[in-house]
Amino acid sequence: MSYVTKSPWLIHYDGSSCNGCDIEVLACLTPMYDVERFGIINTGNPKHADIFLITGAINEQNKAVVKQIYEQMPEPKVVIAVGICATSGGIFKECYNIMGGTDTVIPVDVYVPGCAARPEAIIDGVVKGLGVLAKKKEAMEKGLPIDTAKGKEKEEA
Amino acid sequence: MGKRTIIPFGPQHPVLPEPVHLDLVIEDETVVEAIPSIGFIHRGLEKLVEKKEYTEMVYVIERICGICSFGHGWGYCLSVEGVMGVEIPERANYLRTIWHELSRMHSHLLWLGLLADGFGFESLFMHCWRIREKVLDIFEKTTGGRVIFSVCKVGGVRKDIDEATLKEISSVVDGMKKELKELADVFLEDYSVKNRLCGVGYLSKEDAAELAAVGPMARASGLKQDMRLLGHGVYDKLGFEPCIETAGDSYARCKVRIREVFQSIDLIIKAIEMIPDGDISVPVKGNVPANECVVRLEQPRGEAFYYAKGADSKFLERMRVRTPTNQNIPAMVKTLQGCDLADVPMLILTIDPCISCTER
Amino acid sequence: MEDLRETVIIPVTASELYSKVSDLNEDGYRLVQACCTKVSEGFEIIYSFDKEHELLNLKLTIPEEEEIMSITGITWSAFIYENEMQDLFGVKFKHMSLNYGGHFFKVSQPTPWNPKN
Amino acid sequence: MSTITFLILFPLLSAIALLVLRTDAARGVIVKVSATLIAVASIYLAYQYFGIGEEYFDFANETVNLGMTVIEVLLAIMIIYLGIKYKKYLASVLAAIQTPTMIWFEVKVGHHIHVTNNLYVDRLSIIMVLIIGIIGSIITVYALGYMKDFQHHHKDQPDRRPFFFFIMYLFLGAMCGLVLSNNIVWLYFFWEITTLCSFFLIGYTKTEEAINNSFRALIMNLLGGVGFVIAIVIMGSSLGTLELNQLIMMGMFGVPAVTYVAALLAFAGITKAAQMPFNSWLLGAMVAPTPTSALLHSSTMVKAGVFLIIKLAPLLGWQSLAGIMVMMVGGITFIMASFAAVSQSNAKKVLAYSTVANLGLIVACGGIGTYAAVWAGILLIIFHAITKSLLFLCVGTAEHNIGSRDIEDMDGLFTRMPKLATYMIVGISAMFLAPLGMLVSKWAAMKAFIDNGGVLLVMFIAFGSAATLFYWTKWLGKMVAIMANRENIQSGVNKDENFVLSTLTILTVIVCLIFPLISKTMIVPYLIKAFPYVDPKHMILALSSTNMTIMVIMLFVLIVLPILFFGRTNKKIVPIYLAGANLGDDLTFRGAMEKEVPVSLKNWYMEGYFGEKKMNVIGVIATVVIITGVFAILLGGVL
Amino acid sequence: MNMTIIISVIAYIILAPIVGGLLAGIDRKISARMQGRVGPSILQPFYDMFKLMEKEAITVNKAQDFYVGCFLFFIIVTGGFFFAGLDLLLVIFTLTLASVFLIVAAFSSNSPYAQIGAERELLQMMAYEPMVLITAAGLYLVTGSFNISDIINPENGMAIKFLPGIFLGFVFILTIKFRKSPFDLSMSHHGHQELVKGLTTEFAGKTMALIEIAHWYENIFLLGIVFLFIANGTVWGAVAAVVVCLVTYFIEILIDNSYARMKWQIAINSSWIVAITLGFINMLVIYFSKFVL
Amino acid sequence: MAAFKIGKVVLRSLFKKPATLMYPVVPRKWEERTRGHIDININDCIFCGICARKCPTNAITVDRNKKSWTIERMQCIQCTHCVDLCPKHCLSNENTYTTPEVEKVVDLHVAPPEEPKPASDDTNKDSVEKKNA
Ligand code: NFV
Ligand code: SF4
Ligand code: SF4
Ligand code: SF4
């Protein structure tokens, strides 16, 4: 059994979100939603994190930062794009300083829609992310390249 | 100097949910120099006026920020209404005021929680956010959104609140007072909290005026400056008076915000008592005339500035939003001089920074 | 209390801007904002000042190439607006007290509000 | 006997040879040969008297006495001259008081007192001789390379190396004499010589600062010298003896005048050991070339002061005012100097303050005057001598290779000079960490303090060691920091220097390993002799043998662990966390205004809490009050 | 006698991480409830630890793991010495050695937040060290021995009777040692803070797991010292001591949830003042009654 | 000096039932106005394209020829602007949100063929097709 699904620690980075999704991510940690029930801790440190929650779209400035955070996370790890901005650039897609959703720089494992994404949706997204995490862990144990375990599409294929 | 430590603070940093960056130069733990750098969230959304009609633009402007979203919507609508010369119904004005004050409550409670988190008081953070959820529930019920409401439109509001719900709101916010009082006591009287707040980040009245601080930051330094006095919404009818503190330190800023939460509750209850019946919007049609209008609105963080310029088309020529955080950054830079490293997040927090507002 | 709808806009020229601003500053006005609009003649810059909730706007219209005097010497907090205008529009300022040199908003394409090509 | 003479006189010969033969090659040979001979002789001495343990020698010789007097007069004239030349009149005045008094005494009283034993050997002096002979001479070898570099760095100055080595060797001889003299007048003579050696070496560079500091050292030491002279006068006139062992004997029998003598000698010891209020001279002495600091100002000369106090320990303790003075001065010095060290970033100053602090600890141990305390004190002397000289020399080497003696400039030393950093790590750890030397003795001292020191001293040691922990660990932290992408410049280190450093490092570890043996064969027998009134069977040492064994085992583990595991990891090496703005080389981040800002990590110094000035002022006032108080009471007793 | 020593040491080595982990789990549960939340499972610390073990092995340099390993090793040794009934000072010095290893590990990474965390940790050590030594001295003065095996069988009853001040002082600095608010300056177990993860910023995966385990060992050992104050050699004394340990732990949790994090100045000022007042006065009283009366 | 100011709150919370909603164990009940996702009654749609043109995020595409109405779920911000503007009132706001997915979801609604059919025929139900972006 893999413990990674029982203690997923997360790191949250605000790409260029409007704060709407940010505060909903934070709200998940607070009494009403309390994701610590699932063993989730908001560690601010990529080196301790298993789940990368990213809100907001990618722009030229935070591209490197997002990439770096992602690279500093040890395997297995999943990326969850929270909010419409993070999934596709959302309402700001046409802005001159926006490059697009998170998947323009790093592979995204779960997309959580909503503007702002509701805490319930974020919890659903994380739960879904845990499934991916478990699969990646399995792949890691088998010595497979981890990216091949990336979720549904490959599973179907 | 041999003993200077230079480290990056942000863009990714756990205490600040938003990306700002400081080149921090510290000695022991005393900050000797802090060079701020922003621009990580700049989207350039003002330029969308060229692509979105003025009626759609409100949804964009609302998403400048998820915390003071309603105020942005209101400010935008006011400025466009100003350009177009539209009068909106009284009930709409009341509803806008109620939602705006609820937003202020949620924003201030959020801030209080973050502040508590900033000085490592986890349980206080949790309790603040627990109470805040009640306000969010009201939003959910009345507008269908928790943080982004999409209820303002040019010409009025999109949704009405029925009598029963208004009563309920009134009793819910009234009921919050008791719990808030307990938490307010912790913020204002607990030894450890006071120790972290009192005397930290002092900003004198002169400096506040000189650096053009706005909102609670200015009011905590003794400046009587609150755009609600300008008379938008129905504040003049509610008999509004701003909350002023004179100490100018983090504690005073905290106190101003706490007092404002209670004040907001009173304003909401009063507004609900006085709200008239009637329409909630007037139809607005046609192009935006080539005209300009400036509107200032008191957001939770202070004075926001909206400038709209029409071009006799469905698209505005220029929409400009200047947010309170933007205006408070010089004051923040000032308070950072000579503080402790441990105070850095706190001082950044005491201006209640909203970077997404600032950078748009 | 001013009327909400009334917007006072006083046109100024580039040469009198500095002295105007310093007069206002002396009178106890604080800087509220400065913003730029790209118009066909060049740039239209509005400086807004406030004193006890009275708002005063100075409107300056300059050709694109003209360099104007920075007002950071009078009111330091203007550095935010000047840097913003510099980054987004390419307005040129003389003697800025804090110049981020185009890295304030760090836009991916230079002066997006006034594209060069 | 002949070994003793050899140890005192041979260095003198080498010194003269070094003064005369001025070429680099000759100097190299002489120094290396003499150093070896002295070291061998000291070991031979230890071997010779190992079984005997204690022996006194007559060695009476009028010419020797006369010679000493003549030299003393010449030296006094020189001091008076120099004092006037450099406008340091106080020095002249002190010399003008001291030497005439001494001569007057010699003529009037001293002459008539018969000294049976002029020289002696006991286990304590063997320990001291070993330190002088081995550590001292090895430092002179180090100085060969160092002074060459030094001259290189100070091209503007004339090459005065012959003079330098002359003084160094002269000093070695005098130091041996000092620890082997039973005749207090002889002791005084050697004492003065070491003072002068230190004076010349501090002023070696002849800069204004150096001259000022050298005079400060001279004046303070002469002040102690005056105390010494008065002690001799009282001793001679009212006790009728000039022999150290006699003095101690009389003290144990409770002869009243001994209190005065003990107090005055202890005072002299305090000045020499740079205790507060006289600590400033040692700090000033750091302008001297580093081998000097290692030899005179940490491992040996300052030890003369504590040596004397430890010798007198049986006379001190709570029942004697002198004892209370000594332990309080030591305790206060320990805590204040430890605090002051926290605020220093200059490596030599840190070492200086730490030296002062450790001497304070030894002095306090001597002041408590129980056998357990003395046991701790002697162990402290041994460990401190080795480790401190190692550290001083490491700093010297670092300075010549990276161009700074500031700890904060030793960034990434582990990557740049791995060997040197390792030596330093060993040295620093040995100063304060568990199974290593200094901690063992500190532990013993602590126990002695709790048992006999009273609450105040317990507080001193509790707080002082907390500060000690702080300043050593932060230095250690600088040493271990691994900075990628730095050039390795270890190969630039002079071979002699490297040899000496590695020897000292190994010595540090070895002594830590065999300290139970040293305790058993050297210190305990000494204590049995020195504390005849304590039943040897009841002599419970601070550290039970179980504890000593555990310590040694722990040390073994600590040696073995790194050999087995250090650096053995096949983990993926990743860049460090820089808030998402690491530019990839771990040294710079993307800063405001898009600049590449280098990360700079510096330690804490807490000026506001532990500022040097503040600590010194407090310490000086407190100790001055205590010293004057004690002497006032003593004087009151006389009048 | 020897047999009991061996058994207690082995019991410590095996049980301490289990009990320590459970205590940590209970801590998290109680904290959560105090914050009005449900909180994680009581076994969560173990899940976390196993999870960390499973993660990809990364490090920032080749030296770090060695230092962290030494940290864990010497923490275990410290506790081992303690439960073997050896000299209390030896135990304290070994603990210091272990803590220095942790700090050195952080320093070795040469990374800003780790370094500042290390610096603060060092400051905390400086803050609590005097009180720890005074505690040892106090226990020694009361029981006449530094040997823990003697201290738990005091001749004249519970040590706390004579050492109320020192006991309070020790509980005070326990807040630092348990890394609890208001003194969780250098790293906090849960939540995020101004120093990111402080000391542990650069430790990932297994390395971090080792640190967690070390903390569990350390906590049990620290509660062991609390135990010393109450134990009087009888069974009911031992039971009372365990109860006091648990109550102390609960109080620490309560304090953790009732205070803002203070700055380093307060940490050092307050703990030194506590050491000087409570510790010093208590010692003075003992000395007075022992040597003067 | 007021210490333990929060003590009362904290201790009370310790013994009270926690405030946690226990989602997902206990499902959340949504308000009527809750803006979850946009639904369409494709039968009423006349494919005028107003919704597509006015949608601030261009989440909707309408193809008059194929009679299809497509929404990119991961692009819609639930502003309900389209609902307000639809001349046929065939768009509605449903109070359940789109569930998180590992891929971006696009919902394609195609109007049923136009030949009149008995009302009970189930081809009348709109065919929804999910496809990957
Ligand atoms: N209040 C507010 Fe805003 C606005 N306008 C501001 O800085 O929060 Ni995001
Ligand atoms: S999805 Fe909406 S709420 Fe979330 S960050 Fe983007 S605009 Fe804000
Ligand atoms: S606006 Fe209404 S009718 Fe027109 S295409 Fe859209 S859904 Fe169909
Ligand atoms: S709700 Fe808004 S974003 Fe979504 S489809 Fe309708 S108009 Fe577009």
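Below, all heavy atoms of this structure are taken into account, side chains as well, without hydrogens, waters or symmetry copies. To find a chain, count down the sequence lines: A is the first, B the second, and so on, and within it residues start at 1. Predicted model only: the values in this text are computed from it and were never measured.
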Enquirer: Answer yes when Glu50(B) and Lys38(C) have at least one side-chain N-carboxylate O distance shorter than 4.0 Å, and no when they do not.
Expert: no
Enquirer: Where on Ala78(C) is there a heavy atom nearer than 4.5 Å to chain B: the side chain, the backbone, both, or neither?
Expert: neither
Enquirer: In this structure, which one of Ile38(B), Asn326(B), Thr358(B) forms a side-chain contact (heavy atoms from CB on, under 4.5 Å) with Ile80(C)?
Expert: Asn326(B)
Enquirer: When you look at CD of Glu52(C), are more than 12 heavy atoms from neighbouring residues, nucleotides or ligands closer to it than 6.0 Å?
Expert: no
Enquirer: Evaluate the criterion side chain to side chain contact (heavy atoms under 4.5 Å, CB included) for residue pair Ser48(C) and Arg296(B); output intermediate values, then yes/no.
Expert: CA-CA 11 Å; Ser48(C) 311; Arg296(B) 288 185 296 158; over 6 Å; no
Enquirer: Determine the minimum heavy-atom distance between Cys35(C) and Arg320(B), stating which atoms define it.
Expert: CB-NE, 3.2 Å
Enquirer: Sort by residue number and list every member of residues 302-315 of chain B having a non-hydrogen atom under 4.5 Å from chain C.
Expert: Glu303(B), Phe305(B), Tyr307(B), Lys309(B)
Enquirer: Quick check: closest heavy atoms across Arg30(C) and Ala212(B), and the distance to 0.1 Å?
Expert: CB-CB, 4.2 Å
Enquirer: If you tally heavy-atom pairs under 4.5 Å against chain B, which of Val39(C), Ile46(C), Asn57(C) wins?
Expert: Ile46(C)
Enquirer: Taking NZ in Lys205(B) as the centre, count heavy atoms belonging to other residues, nucleotides or ligands within less than 6.0 Å. Is the count above 12?
Expert: no
Enquirer: Hey, what do you get for CE (Met227(B)) to NE2 (His53(C)), rounding to the nearest 0.5 Å?
Expert: 4.0 Å
Enquirer: Restricting to non-hydrogen atoms, name the atom on Val32(C) and the atom on Gln327(B) that form the minimum distance, rounded to 0.1 Å.
Expert: O-OE1, 3.3 Å
Enquirer: Calculate, to the nearest 0.5 Å, the distance between atoms NZ and CD belonging to Lys59(C) and Glu292(B) respectively.
Expert: 3.5 Å
Enquirer: Strictly below 4.0 Å, N to O, side chains only: are Glu84(C) and Arg322(B) in salt-bridge contact?
Expert: no
Enquirer: For each of Asp87(C), Asp50(C), Asn25(C), tally heavy-atom pairs with chain B at distances under 4.5 Å, and name the one with the top tally.
Expert: Asp50(C)
Enquirer: Enter the distance from Thr37(C):OG1 to Met319(B):CE here, rounded to the nearest 0.5 Å.
Expert: 11.0 Å
Enquirer: Would you say the side chain of Lys47(B) lies within less than 4.5 Å of the side chain of Leu88(C), judging by non-hydrogen atoms?
Expert: no
